[in-house]
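Proteins come first, then strands; the chains are lettered A, B, ... in the order of their sequence lines, and each starts at number 1. Computation of the quantities below employed the complete heavy-atom set of this structure, encompassing side-chain atoms and omitting hydrogens, waters and symmetry-equivalent molecules.
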Amino acid sequence: MSDVEIRTRLAPSPTGAPHVGTAYQALFGYVWARKNGGKFVLRIEDTDRERSSAESERAIIDSLGWLGIKWDEGPDIGGPYGPYRQSERLEIYHRHVEKLVAEGHAYPCFCSRERLERVRKERQKSGAGSGYDRKCRNIPPEEAGKRVENGEEFTVRMKVPLEGTCRFTDFLRGEIKKDWSSIDDQVILKADGYPTYHLAVVVDDHLMKISHVIRGEEWINSVPKHILLYRFFGWKPPVFCHLPLLRNKDRSKLSKRKNPVSLEWYRRTGILPEALLNFLGLMGWHPADDEEKFSVEEMVEKFRLEDVSLGGPVFDLDKLKWLNGRYIREDLTTEQLMNRLEEWALNRDNFTRILETCKGRMTTLSDWGRLTPHFFTEDIEYRKEDLLLDGLDETGTCEVLQVVLWELERLTPFDKDTIYRMFRKLSDRTGIKLKKLTAPLYVAVSGKTVSTPLFDTMEILGSDVTRMRIRKAMERLGGLSGKRLKKLEKEYERSNVTGRGLD
RNA sequence: GACCCCAUCGUCUAGCGGUUAGGACACCGGCCUUUCACGCCGGCAACACGGGUUCGAUUCCCGUUGGGGUCGCCA
C-alpha cells in the first residue's frame, strides 16, 4: 500500500453550527495525510435538502480556517476530483444507482413512509429487530420499472444478503464481524432524487481516491453496508479507521445539552485555535515523549495513527483552559497578545457596538468597565433568586428558559430585531409580560439584574455564547429532569406543528 | 430489546508477560511572592470482577459487569 498516495477527507454535513467533533476528525485526518505526504480533502455532504444550508457550509469553512486546518481539495478551491459538494454530484450518484438496479443489486421501493413506520414499530415489538421487511424486494423488475415510469414515488434500496457474515478490518480494532441478517435493505436513493449518506460516501470516497476513511465510531455499524456497495461496484474499499467519540462528563456522546460543542463558542470565549487543536490531539493520542504541549506541526512529526487509544475520552474544559493558558503565557509576546485580543473582541467595531449599549448609562469614561464586564468574561456567577422568573419556582423558570433556548437555536439571523420579535411572540403566547419574561434573561446573559439592553447584548455576544449562558443559568437553578424535559419538548412541538418555531 | 464497539487514578493517558504501575489536568499541602496568578517542590489517587493460559498477568483468551454507539427517505 506504500505506493498508493495517502488521501484522507473530512466530510461534514452543513447542518447547523460547526461542531468540535468535526474539528477533532479534521485534525486526525489532516495530520495523518500530512504525515504521509498525502492529501487532505474537504467534501461537503449536503444530501439532506431540509437541513443543509449554504450558511452552515460557510461557517464550517470559516471555523476550519480559524483553526488553521487547510485542505488540498475542496468546494472552495476545487481539485481534480470535484465537485466537492455532494448536491452537485447528483448525476454521478444516479448513474451508479442505475447500474446497481440494472445488475440486480438494488431495487425501487414504493412503500409509503407511513407503512415503513408501522413495519418498524411492529418489528421492534416482535423482536425481529427493526427496519424494513423487504416488501418491494420481490417485485419483478419489469413491473417495478413500469411503476417508476408511471410516476409513482419511490426510493431505491440495496439488496443486503439474507444470511452470512460480513467481516472487515478496522485499522484500530482489527477484525469486526457482523451478520448480514442484522442489516435491512438500506435506502440508497431518496424519493427526492438525492442519495443517502451510504451511497454518496462510498461513491465519493472511491472516485476521490480516498485511502483512509477516518471518522467517528458511530459509523462502525454502517461499514458492512459500505463494504457491500464496494463489492457491488467491484471497487477496493479504503482503510477504515474509526476514532473514539468525544464524551460528556457522564460519558454519553458529546452533546450541546451538556457541553459547549460549537467551535464558535470556543472562539468567542477566547480559546486559542492552537490550544484547541492541541487539546483535541490529546484525545485518544499521546506523544511518546510525554510533552503534552505541541503544535500541529509537531503532531504531524510524532503522530502514529495506530497508537490512537479507543476509550471514549471525556472532554475536559479545565485541561483545555490550562493548555490555553500555557499558549498565552509561553508563546505570545505582549505585543502578540494584544493583537490576539484585538482580533478577538478589543477592536474598534466590536467595542463601538458595545459602547452603544451602555453610553446612555455612563457618567464617567471609566464607567465602561463597570457596565460591560459580561462582554469580556465567561466567569459569571448567578444568584439563584435573581434568576427566578417572577411567580415561578426553579423548575418553572427552567421550563421557560428551555423554551427560549429552543427558540434561540432556530433563530436566523441572530440579531436584536429577530430576537425581540421572538420574545414578543413568546410573551403573547405564554401570557407572561415581556418585562417579566426577559428579567431572568438579563441575569442569565450578564449575571446582573441591572445590565445592558438584552437583545443588543445577545446579538453582540452571538448565539453560541448567549445560549451557553442560559444553559449555565438553568443548571444553577437545578435544571430539568429528563422526564420533565421530554414532556416539555412534546408540548413545545405540539404548539409548533409547523415545525418552524413560534413564527 | 437486538447488534456492534470499549474498559489503567475523578479526568486525559503511558504501559504492549516480570515496573515501587509513569506523566498531565483537577484537588490538597509547602516554597517563591506586597496580594492573586504563574513557577517550583511534595501529596492524594487507578489496573471493574471471575475464570483460564503461564514459573509469572494490568498486559493474552473466555465469561460477567459496566459504559458507549447503532438500529431513519439524518448524517
Exercise for the section: For nucleotides B/C61 and B/U53, find the distance between their C1' atoms and express it as a whole number of Å. Expected result: 7 Å
Practice task
Using only side-chain N and O atoms of A/Lys190, determine if any of them is under 4.0 Å from OP1 or OP2 of B/C74.
Solution key: yes
Practice task
Determine the Euclidean distance between corresponding P atoms of B/U35 and B/C44; express it in Å to zero decimal places.
Solution key: 29 Å
Problem - Rounded distance (nearest 0.5 Å) linking atom OH of A/Tyr84 with atom CG of A/Asp204 - result: 10.0 Å
Exercise for the section: On RNA chain B, check which nucleotide each of A/Arg113 and A/Glu292 is closest to and give me the residue with the more 5' one. Expected result: A/Glu292
Problem - Between B/C71 (C1') and A/Tyr197 (OH): distance, integer Å - result: 16 Å
Exercise for the section: Starting from P on B/C6, measure out to CZ on A/Phe171 and report it in whole angstrom. Expected result: 15 Å
Problem - Pair assignment for B/U20, Watson-Crick or G-U wobble, requiring both distances under 3.5 Å - result: none
Handout entry: For B/C31, the Watson-Crick or wobble counterpart (both distances under 3.5 Å)
Key = B/G39
Exercise for the section: Tell me what A/Ser309 touches on the nucleic acid: a base, only sugar-phosphate, or nothing, going by heavy atoms under 4.0 Å. Expected result: sugar-phosphate
Handout entry: Within 45° cone and under 6.0 Å: A/Lys293 NZ/CZ vs A/Tyr327 ring
Key = yes
Problem - Inter-residue atom distance A/Gln25.CD - A/Thr8.OG1, 0.5 Å rounding - result: 11.5 Å
Practice task
Could you give the distance separating B/U20 and B/U54 at their C1' atoms, to the nearest angstrom?
Solution key: 24 Å
Practice task
Quote, to the nearest angstrom, the C1' distance that separates B/C49 from B/G66.
Solution key: 10 Å
Exercise for the section: Give the rounded distance in Å between these two atoms: CG of A/Asn278 and P of B/C25. Expected result: 13 Å
Practice task
Figure out the CG/C1' separation between A/Asp307 and B/U13, and round it to whole Å.
Solution key: 12 Å
Problem - Touch class at under 4.0 angstrom, heavy-atom based, for A/Cys111 against every strand present - result: base
Problem - Pairs meeting criterion ring-ring contact (aromatic ring centres under 6.0 Å, His included) with involvement of residues 267-305 of chain A, two or more places apart - result: A/Phe28-A/Phe303, A/Phe279-A/Phe315, A/Trp285-A/Phe294, A/Trp285-A/Phe303
Practice task
Decide whether A/Asp179 and A/Ser181 meet the rule of one side-chain donor and one side-chain acceptor closer than 3.5 Å.
Solution key: no
Practice task
May I ask which nucleotide in the shown strands pairs with B/U64, Watson-Crick or G-U wobble, both distances under 3.5 Å?
Solution key: B/A48
Practice task
Could you give the distance separating B/U8 and B/A46 at their P atoms, to the nearest angstrom?
Solution key: 14 Å
Exercise for the section: Among A/Asp48, A/Asp46, A/Thr47, find the residue that satisfies the side-chain hydrogen bond (donor to acceptor under 3.5 Å, both in side chains) test when tested with A/Ser87. Expected result: A/Asp46
Problem - Lys/Arg-Asp/Glu bridge criterion (N-O < 4.0 Å) met for A/Arg268, A/Asp464 - result: no
Exercise for the section: Round to a whole Å and report the spacing from CG of A/Asp179 to P of B/C71. Expected result: 18 Å
Practice task
Give a yes/no on whether any side-chain N or O of A/Lys249 is located under 4.0 angstrom from OP1 or OP2 of B/C12.
Solution key: no
Exercise for the section: Return the residues of residues 318-336 of chain A meeting this criterion: a heavy atom under 4.0 Å from some atom of RNA chain B. Order them by number, or give none. Expected result: A/Asp318, A/Lys319, A/Trp322, A/Arg329
Problem - Position toward the 5' end of RNA chain B (nearest nucleotide), A/Gly284 or A/Ala191 - result: A/Gly284
Exercise for the section: Please tell me which of the listed nucleotides, B/A75, B/C5, B/A24, lies nearest to the side chain of A/Arg173? Expected result: B/C5
Practice task
Please state the P separation for the pair B/A57 and B/A24 - nearest whole angstrom.
Solution key: 31 Å
Practice task
Establish, from distance only, whether the side-chain atoms of A/Arg7 and A/His212 form a donor-acceptor pair under 3.5 Å.
Solution key: no
Exercise for the section: For the pair A/His96 and A/Phe233, name the ring-plane relationship: parallel under 30°, tilted 30 to 60°, perpendicular over 60°. Expected result: perpendicular
Exercise for the section: Measure from CG on A/Leu282 to C1' on B/U11 and round the result to the nearest Å. Expected result: 12 Å
Practice task
Give one of base, sugar-phosphate or nothing for A/Ile183, where a contact means two heavy atoms less than 4.0 Å apart.
Solution key: nothing
Completion exercise
To the nearest angstrom, the CG-P distance between A/Leu172 and B/C5 comes to 14 Å
Handout entry: Value rounded to 0.5 Å, distance of CD in A/Glu122 from CZ in A/Arg115
Key = 8.5 Å
Practice task
Tell which nucleotide pairs with B/C3, taking only Watson-Crick or G-U wobble pairs whose two distances are both under 3.5 angstrom.
Solution key: B/G69
Exercise for the section: State whether the side chain of A/Asn259 and the backbone N or O of A/Asn248 hold a donor-acceptor pair below 3.5 Å, judged by distance alone. Expected result: no
Problem - A/Tyr197-A/Gln86 side chain donor-acceptor pair, cut-off 3.5 Å - result: no
Exercise for the section: Please list, by residue number, the residues of residues 39-64 of chain A whose heavy atoms come closer than 4.0 Å to an atom of RNA chain B; answer none if no residue qualifies. Expected result: A/Glu45, A/Thr47, A/Asp48, A/Arg51
Practice task
Would you mind reading off the distance between A/Leu310 atom CG and B/G66 atom C1', rounded to a whole angstrom?
Solution key: 17 Å
Problem - Nucleic acid contacts - residues 89-102 of chain A versus RNA chain B, non-hydrogen atoms under 4.0 Å - result: none
Going by atom type alone, with no hydrogens or angles, which donor-acceptor pairs under 3.5 Å involve a side-chain atom of residues 57-67 of chain A and a protein atom two or more places apart or on another chain?
residue, atom, partner, partner atom, Å
A/Glu57, OE1, A/Arg85, NE, 2.8
A/Glu57, OE2, A/Arg85, NE, 3.3
A/Glu57, OE2, A/Arg85, NH2, 2.8
A/Asp62, OD2, A/Arg267, NH2, 2.6
A/Ser63, OG, A/Ala59, O, 3.1

Problem - Same-atom distance (C1') from B/A21 to B/C16, integer angstrom - result: 14 Å
Practice task
Answer yes or no: are there more than 12 heavy-atom neighbours, outside A/Glu103 itself, under 6.0 Å from its atom CD?
Solution key: yes
Practice task
Classify the ring geometry between A/His198 and A/His226 as parallel (under 30°), tilted (30 to 60°) or perpendicular (over 60°).
Solution key: tilted
Problem - C1' spacing across the pair B/U59 / B/A2, given as an integer number of angstrom - result: 32 Å
Problem - Point-to-point distance, once rounded to the nearest 0.5 Å, from CD of A/Glu409 to NZ of A/Lys256 - result: 3.5 Å
At a cut-off of 3.5 Å, list every protein nitrogen or oxygen paired with a nitrogen or oxygen from nucleotides 67-70 of chain B, distance to 0.1 Å.
residue, atom, partner, partner atom, Å
B/G68, O4', A/Arg247, NH1, 3.4
B/G69, OP1, A/Lys253, N, 3.1
B/G69, N2, A/Asn221, ND2, 2.7
B/U70, OP1, A/Lys253, NZ, 3.1

